[in-house]
J.: 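I am attaching a structure below and will ask some questions about it afterwards.
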Protein chains: 2
Amino acid sequence: MSEERVRATETSIRALEGLVELDGEAGVTELATHLSIAKSTVYKHLRTLESKGFVVQYGDRYRIGLRTLEFGGYARRYDGVYDTARPEVDRLAEETGELANLMFEEGGRGVYVHTASGEDAVDIDTQTGRHAHLHSTGVGKAILATLPDERIETIVDVHGLPRATPHTITAETELFEEIDAIRSEGVAYDREECVEGMFCIARPLSTPGRRPAAISVTGPVSRVATGGTEERIRTALERAGNVIELNLTA
Amino acid sequence: MSEERVRATETSIRALEGLVELDGEAGVTELATHLSIAKSTVYKHLRTLESKGFVVQYGDRYRIGLRTLEFGGYARRYDGVYDTARPEVDRLAEETGELANLMFEEGGRGVYVHTASGEDAVDIDTQTGRHAHLHSTGVGKAILATLPDERIETIVDVHGLPRATPHTITAETELFEEIDAIRSEGVAYDREECVEGMFCIARPLSTPGRRPAAISVTGPVSRVATGGTEERIRTALERAGNVIELNLTA
DNA sequence: ATTTATGTTCTCGTCTCCGAAACGCCGGTA
DNA sequence: TACCGGCGTTTCGGAGACGAGAACATAAAT
């Protein structure tokens, strides 16, 4: 396995990342100093990216282009799980009034590929495409529960178990106990392990031959963690999951 | 304005495009022959893209990675129009039961940045991130109506007026007449100009200082183009547009 | 065992990418 | 008006990476 890479490609991608780091918009000089790369180099990369729509020029400033969204659309739709699950996630948000999410696993991390806001949903920053660690979110742990143990171990080895809040699971043994519980009960909970004050109930999706995935409903502890509501959400999740799994095999 | 480009970056992007052209998935050799590029070159680019998450490896095959979706998310959210409009587009779909869309203009073309399906929505292929010509869709023409005439002319010069169906507007004078009508009436119609059998009603959005945008509702001619329904949709579009514009200035 | 496909590695000559510095342009300033 | 400091853009040369082709490894099919 050669470690040789195409340097220019990496530079271009660093430029894209730099634009994000600079709040999505930057001039040539600003980006060059941020990346510690020669101005002329950054300039040529930006022009190249611009000609392909990966970057857009507004006056003297550059932003990420919507062409990336086009590729993202393909990546997301690839195996049909998204198309199948999306309407159910939307309905989940409507039924519960909270924030509903669909997550895929890729490269050992979780990616929010769809989110839907219900009537009372918190305005938390779960933008589409956001990546998250699997061990510190409800959906993430639900996904882990669908993976074989060796895979989980590899993921933990590569990405570690970084702490997000005081409640985050950071011990491997504890994580595996939790995952066993999720496997037997079919539900995963995130008790302020990702964001303080937020509670998340998730359900793994059985997607044989396709990408690992899970769905969840998120809301403030005060609302979601109370007995009645929690059970209502669990039932809604179970129903949605069943519908999705049924439609996937059909 | 130098025409010099970074060749390696272009090659990497060609690799991504090639993956899409090969139905989203390919092996090294397959992609290399498709692109007429040496196998080893394609290999190194794929490995580089993979290390950055732009491509994912499943066994011996490569696909577009969800990292692209992350950048797409930033591009889409940039100026707040998306966040403001999205809930209204969702409601639009629910109210009308049809397919509702939000489009941005970028580089003279239209990009579907959000779509929502109502109860009876046709299952047409409007995936998020898809690019379309502005002159042949209802939303596109609505966007054109918000642009100054010189800009429209530049766009027509660059992208032409390619025909999509027998009803597509292909004459510049006719296009400008239509745009004048849209400007005075505040509504744009797509009478099977993009897809045969499909009718689309759109409304331009006033987004001063932000990206040009428009919203629309699409459905089969038989349902959407009839008097009563058409008026209902027009009213819903008008309301949604007003709410969005209000929230944008607030 | 042989064949044939694949992904991966190797090697090398050419071309290109990178960096530094110069240029042109614009807005603010005395 | 002349100056200055900032920007994006262009120029230019040398180091070095990229791209092509062929060799190698591996796996599946025959």
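Numbered from 1 within each chain, the chains take letters A, B, ... in sequence-line order.
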J.: Among residues at least two apart in sequence or on other chains, which ones pass side chain to side chain contact (heavy atoms under 4.5 Å, CB included) with V56(A)?
T.: Y58(A), E106(B)
J.: With sequence neighbours excluded, what pairs up with H159(B) under the side-chain hydrogen bond (donor to acceptor under 3.5 Å, both in side chains) test?
T.: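 Applying side-chain hydrogen bond (donor to acceptor under 3.5 Å, both in side chains) to H159(B) gives none.
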J.: Tell me: CD of E50(A) to P of dG8(D), nearest whole Å?
T.: 14 Å
J.: Find the distance E10(B):CD to dG19(D):P and express it as a whole number of Å.
T.: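 Whole-Å distance recorded here is 11 Å.
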J.: So which protein nitrogen or oxygen atoms get under 3.5 Å of nucleotides 5-7 of chain C's nitrogens or oxygens?
T.:
| unit_1 | atom_1 | unit_2 | atom_2 | d |
| --- | --- | --- | --- | --- |
| dG7(C) | OP1 | V28(B) | N | 2.6 |
| dG7(C) | OP2 | T29(B) | N | 2.7 |
| dG7(C) | OP2 | T29(B) | OG1 | 2.3 |

J.: My understanding is that only residues two or more places apart in sequence, or in another chain, count here; which of them pass side chain to side chain contact (heavy atoms under 4.5 Å, CB included) with E153(A)?
T.: E172(A), F176(A)
J.: For the backbone of Y112(A) and the side chain of H114(A), can you confirm whether one donor and one acceptor N or O come within less than 3.5 Å of each other?
T.: no
J.: Can you list everything that forms a ring pair (Phe, Tyr, Trp, His ring centres under 6.0 Å) with H135(A)? Sequence neighbours excluded, please.
T.: H133(A)
J.: Check this for me, if you would: do K141(A) and D190(A) make a salt bridge, where the nitrogen-to-carboxylate-oxygen distance has to be below 4.0 angstrom?
T.: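 D190(A) and K141(A): not salt-bridged.
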J.: For dG19(D), does the base pair up with any side-chain atom of S40(B) as donor and acceptor (N or O, under 3.5 Å, distance only)?
T.: no
J.: Can you tell me if the side-chain N/O atoms of H45(A) get under 4.0 Å from OP1 or OP2 in dC18(C)?
T.: yes
J.: Which pairs, protein N/O on one side and nucleotides 11-16 of chain C N/O on the other, fall under 3.5 Å?
T.:
none

J.: Using 4.0 Å as the upper bound for N to carboxylate O, is an ion pair formed by R151(A) and D157(A)?
T.: no
J.: Salt bridge between R61(B) and D23(B), side-chain N to carboxylate O under 4.0 Å?
T.: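 Between D23(B) and R61(B) there is no salt bridge, as every charged N stays at least 4.0 Å from the carboxylate O atoms.
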